[in-house]
Amino acid sequence: VQLQACGGGLVQAGGSLRLSCAASGRTFSSRAMSWFRQAPGKEREFVAAIRWSSGSTYYAGSVQDRFAISGDSAKNTVYLQMDSLKDEDTAVYYCAAGDRTYFGYSIYYTERGYNYWGQGTLVTVSS
């Protein structure tokens with residue numbers, strides 16, 4: 001299974017970008033998909049996730065009310081609409097997918113909830 005993320009680029013602070021990620025390869029049914037990001041010199045961190053069975057979405061506090069995750073479970077495709085971008089949103093954004101079933105939801109905030117990862121797309125926010 002390969003995940004291909006795209007949509008990154010250079011944007012001014014306050015602007016918007018929409019990231020897309022699609023899975024391809026062998027027959028694959030994801031249970032959840034997500035976005036993580038890694039800023040220069042920092043650890044990779046959770047951004048947002050969507051759990052297909054319930055339609056539930058989860059967000060990091062730093063992006064709540066500014067970012068929106070959506071997607072199509074049948075196509076194993078996920079999007080991240082990013083509005084009101086800030087300098088601190090500059091990072092490489094990675095999409096991830098998981099095909100395992102978990103009880104509860106806390107695991108979807110962590111990398112352990114996903115077993116497939118994309119190559120990342122760079123988002124640069126300039127002020």
S.K.: Please list all pairs meeting side-chain hydrogen bond (donor to acceptor under 3.5 Å, both in side chains) that have one or both residues in residues 46-55, counting only residues at least two apart or in different chains.
M.R.: S30-W52, S54-S56
S.K.: Any heavy-atom pair between the side chains of L19 and V123 that's under 4.5 Å?
M.R.: yes
S.K.: Could you check if a side-chain atom of Y114 sits within less than 4.5 angstrom of a side-chain atom of F36, using non-hydrogen atoms only?
M.R.: yes
S.K.: Quick one, F67 and L17 - any side-chain contact, counting heavy atoms below 4.5 Å?
M.R.: no
S.K.: Which atoms form the tightest heavy-atom contact between Q119 and L3, and what is the distance?
M.R.: OE1-O, 3.3 Å
S.K.: Measure across L80 and A48 and return the closest heavy-atom pair with its distance rounded to 0.1 Å.
M.R.: CD1-CB, 4.1 Å
S.K.: Angle class for the Y58/Y105 ring planes (parallel below 30°, perpendicular above 60°, tilted otherwise)?
M.R.: parallel
S.K.: Less than 2.5 Å separating the SG atoms of C6 and C21?
M.R.: no
S.K.: Within a strict 4.5 Å, meaning less than it, do heavy atoms of the M82 and D89 side chains meet?
M.R.: no
S.K.: Any sub-3.5 Å donor-acceptor pair from T90's side-chain atoms to V125's backbone N or O?
M.R.: yes
S.K.: Do V63 and V92 share a hydrophobic cluster (ILVMFWY, side-chain heavy atoms under 4.5 Å, transitive)?
M.R.: no
S.K.: For the OG atom of S73 and the CZ atom of R31, what is their distance to the nearest 0.5 Å?
M.R.: 10.5 Å
S.K.: Apart from Y79 itself, what residues make up its hydrophobic cluster, given side-chain heavy atom links below 4.5 Å?
M.R.: none
S.K.: Can you sort out the partners of R44 under salt bridge (charged side-chain N to carboxylate O under 4.0 Å, His left out), two or more places apart, ordered by chain and number?
M.R.: E111
S.K.: Taking the side chain as every heavy atom from C-beta outward, state whether V47 and Y94 have any atom pair closer than 4.5 Å.
M.R.: no
